[in-house]
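Within every chain, numbering begins at 1; the chains are lettered A, B, ... in the order of the sequence lines, protein sequences first and strands thereafter.
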Number of protein chains: 2
Amino acid sequence: MHSHAAVALFVRRILLRSVVSPGEVQALSGLEGRRVQASRGQDLVLPGHGVHHATLLVSGLLARFDQMADGRRQITALHIPGDMADLHSVPMPLPAWGIQALVPSVVLQIPHGDLRGLAERKPAIAMAFWRDTVADASILAKWTANLGRADAVTRTAHLICEMGMRMEAHELDQRHDFALPITQAQLADALGLTTVHVNRTVSTLRQECGVLFEQGRVRVGDWTGLVRRGNFDDGYLMLDVKA
Amino acid sequence: MHSHAAVALFVRRILLRSVVSPGEVQALSGLEGRRVQASRGQDLVLPGHGVHHATLLVSGLLARFDQMADGRRQITALHIPGDMADLHSVPMPLPAWGIQALVPSVVLQIPHGDLRGLAERKPAIAMAFWRDTVADASILAKWTANLGRADAVTRTAHLICEMGMRMEAHELDQRHDFALPITQAQLADALGLTTVHVNRTVSTLRQECGVLFEQGRVRVGDWTGLVRRGNFDDGYLMLDVKA
DNA sequence: CGTTCGATTGATGTTCTTCAATATGCGTGG
DNA sequence: CCACGCATATTGAAGAACATCAATCGAACG
C-alpha cells in the first residue's frame with residue numbers, strides 16, 4: 001500500500017467517529033511522514049523513551065506492549081493498517097509503553113509537531129484525535145475486563161471477534177475471514193496466557209466454532225457461535241458513534 | 001469539602017501535567033456543576049447509557065467498571081477526590097463503561113457543553129484534557145499488563161503502591177498512610193480475583209510488608225519492600241511530565 | 001540436508017476458585 | 001442497654017484452570 005493510501009485510511013477511520021469539515025479533511029489528508037520498514041519482532045518505540053512522531057501503520061501488524069522486569073511482555077493493543085498506533089504520544093511524548101512489529105511492517109512516522117499544529121488550529125480535529133484515543137482506551141478497558149473476569153477460551157473468542165469486527169468496519173476484510181498473521185506466542189502475550197495454553201484454547205475454538213488460523217489469516221466457520229462463546233458485544237468498539 | 005475546592009483540586013491535577021496560561025487557569029477554575037450525593041454502591045453512570053456531564057469526585061471513592069453478561073464486574077479504574085472520573089465522556093458521550101460509588105460520595109456533574117466549549121476556545125485546555133485521558137489510559141494499560149502477567153500478591157502490592165503514590169502526588173495523603181475505604185469484595189473486582197483469595201493475598205502482604213487495612217485507611221509498614229514485591233515503577237503514572 | 005521456529009501433545013505442579021462454615025463489627029429496633 | 005440481623009472478614013477443604021517441563025513433529029530456509 002502507498003503511504004498516501006495509508007493516510008487516506010487513517011482519515012477514513014477518523015471520519016467514522018467524528019464530523020469534520022471538508023477543509024479539515026483536506027488538512028488531515030495532507031499529513032506526511034517518514035516511511036519506515038520494520039522487520040518481524042522489531043521494536044519501533046521502546047518503553048520509557050521519548051518519541052517525536054506518531055506511528056501510522058501502512059501494512060503489517062503492530063502491538064503496543066508493556067514489559068515486566070523479567071522481560072516478559074503483555075500486549076495491550078493490536079493495530080491494523082490505517083491505525084495510528086500511538087496517537088497518545090502527541091500529548092504524552094514520554095510513553096510508558098512500547099510498540100513492536102509482529103510481522104514485517106511498513107509505518108509512516110508523522111511528526112508530533114504537524115499533528116499538534118493541526119489540533120491547535122482546528123478544534124474539531126483536536127476533538128477528533130481526542131475521541132480516537134478514547135475509543136482506543138475503551139478497547140483497552142474491555143481487554144482489562146476480559147483478563148480479569150473471563151477464562152482463556154472466552155477471552156480468545158472475544159479477541160477474534162474484535163479483530164474481525166475491526167477489519168470489517170475499516171473495510172480491510174470480512175469479519176469471518178481476515179488477515180491476522182500472528183503466532184501463538186504473540187497471541188499468548190496478548191491474552192495473558194502461555195503458548196501451550198493458547199494452543200489448547202485455539203484447538204478448542206477450532207472444534208467448537210470452526211476457527212482456523214491458516215496462512216496468516218483467520219477464518220471463522222460459526223461466527224454466531226463465536227460471538228456467543230466470547231460474550232462479544234461490539235458496543236465498546238465505538239463504531240457507530242458520530243459526534 | 002466544598003465544590004469549588006474540588007474544582008481547585010482538579011485544576012491542580014491538570015497543572016501537574018500541562019502548562020496552561022493564567023487566563024486559562026481562571027477559565028478552568030470557573031467551572032461549575034450540579035452537586036450530587038451518591039450512596040454506597042450507587043451507579044452514577046450505567047454502561048451503554050448516554051451522559052451529558054462529566055463526573056468530578058469531590059469526596060469519597062469512585063470506580064469505573066465493565067460489566068459481564070452474568071452481572072459480574074471488573075473495575076477498570078479507581079478515582080480519588082479531584083479526579084474527573086469520566087473526562088473521556090466529553091468526546092464520547094455514549095460510554096461502554098459505568099461509574100459506581102464504592103462509598104458514600106459527593107460528585108460534581110459538570111456539563112459536557114461547558115468542558116467542550118472550553119476545549120474549543122482554548123487549544124491548550126483541549127490538549128490538557130486530552131493529556132489527562134491519556135494518563136488515565138496509561139494507568140489502564142498497566143492494569144492490563146498486571147492482570148495478564150502478574151500473580152495475585154504482586155498485583156495487589158502494585159495497586160496499593162499506585163494508590164499511595166497518587167494520593168501523595170495529589171497532596172491528599174502520604175504514600176504509606178492514606179484513605180482507601182474499600183472492601184475486599186471491591187478489591188476483588190479491581191484485581192480480577194475472588195474475595196476469598198483477596199483475603200489471603202492481603203494477609204500475605206500484611207505479614208510480608210506490614211500492609212494494614214484499617215478504618216478505611218491503608219498503612220504500609222515497609223514501603224520499599226512493597227514496591228519490590230509489586231514490581232512497582234511509577235513512570236506510567238506520568239507524574240513528572242510537563243508539556 | 002541440517003537448522004530453526006512454530007505448532008502440538010503429554011505429564012505434572014501451582015495458583016486460584018468454589019463451596020462451606022464460622023467469626024466479627026456495627027447499626028437498628030425493642 | 002441488649003438482642004438481632006446483616007455485611008464483611010476469615011479459615012478450611014476440594015476442585016478446576018492454567019503454568020511448567022519436556023518431548024515430538026512439520027514446514028520454511030539457508
Please tell me which of the listed nucleotides, [options], lies nearest to the side chain of [X]?
X: B:A152; options: C:dC16, C:dT9, C:dT8; value: C:dC16
X: A:R200; options: C:dT9, D:dA9, D:dA13; value: C:dT9
X: B:V196; options: C:dT8, D:dT8, D:dG12; value: D:dG12
X: A:H197; options: D:dC18, C:dA7, D:dA22; value: D:dC18
X: B:L193; options: C:dT17, D:dT8, D:dT20; value: C:dT17

- Item | A:R12 and A:H170 side chains, donor-acceptor separation under 3.5 Å |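 The answer is no; no qualifying pair exists.
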- Considering heavy-atom distances to DNA chain C, does A:I182 or B:A150 have its closest nucleotide positioned more toward the 5' end?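 Taking each residue's closest nucleotide, the earlier one in sequence belongs to A:I182.
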- B:T194 or A:V202: which one's nearest nucleotide on DNA chain C is closer to the 5' end?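 Upstream on the strand: A:V202.
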Between [atom2] on [N] and [atom1] on [X], what's the gap in Å once rounded to a whole number?
X: B:L191; N: C:dT15; atom1: CG; atom2: C1'; value: 15 Å
X: B:Q184; N: D:dT11; atom1: CD; atom2: P; value: 10 Å
X: B:Q186; N: D:dA7; atom1: CD; atom2: P; value: 14 Å
X: B:L187; N: D:dA7; atom1: CG; atom2: P; value: 19 Å
X: B:R149; N: D:dC18; atom1: CZ; atom2: P; value: 13 Å
X: A:N199; N: C:dG6; atom1: CG; atom2: P; value: 14 Å

- Query: Is the shortest side-chain N to carboxylate O distance from A:D234 to A:R175 below 4.0 Å?
  - Reply: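 No, A:D234 and A:R175 are not salt-bridged.
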- Would you call A:E162-A:K142 a salt bridge at under 4.0 Å N-O?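 No, A:E162 and A:K142 are not salt-bridged.
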- Under 3.5 Å: donor-acceptor pair, side chain of A:R72, backbone of B:R149: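 Yes; at least one donor-acceptor contact below 3.5 Å.
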May I ask you to say what [X] touches in the nucleic acid, namely base, sugar-phosphate or nothing, with a heavy-atom cut-off under 4.0 Å?
X: A:R155; answer: nothing
X: A:D151; answer: sugar-phosphate
X: B:G192; answer: sugar-phosphate

- Task: State whether B:R206 places a side-chain N or O below 4.0 Å from either non-bridging phosphate oxygen (OP1 or OP2) of D:dA9.
- Result: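 No.
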- For D:dT8, does OP1 or OP2 lie under 4.0 Å from any side-chain N or O of B:R40? yes
- Item | Nearest non-hydrogen partners of B:L102 and B:R40, listed with the distance | O-CG, 3.3 Å
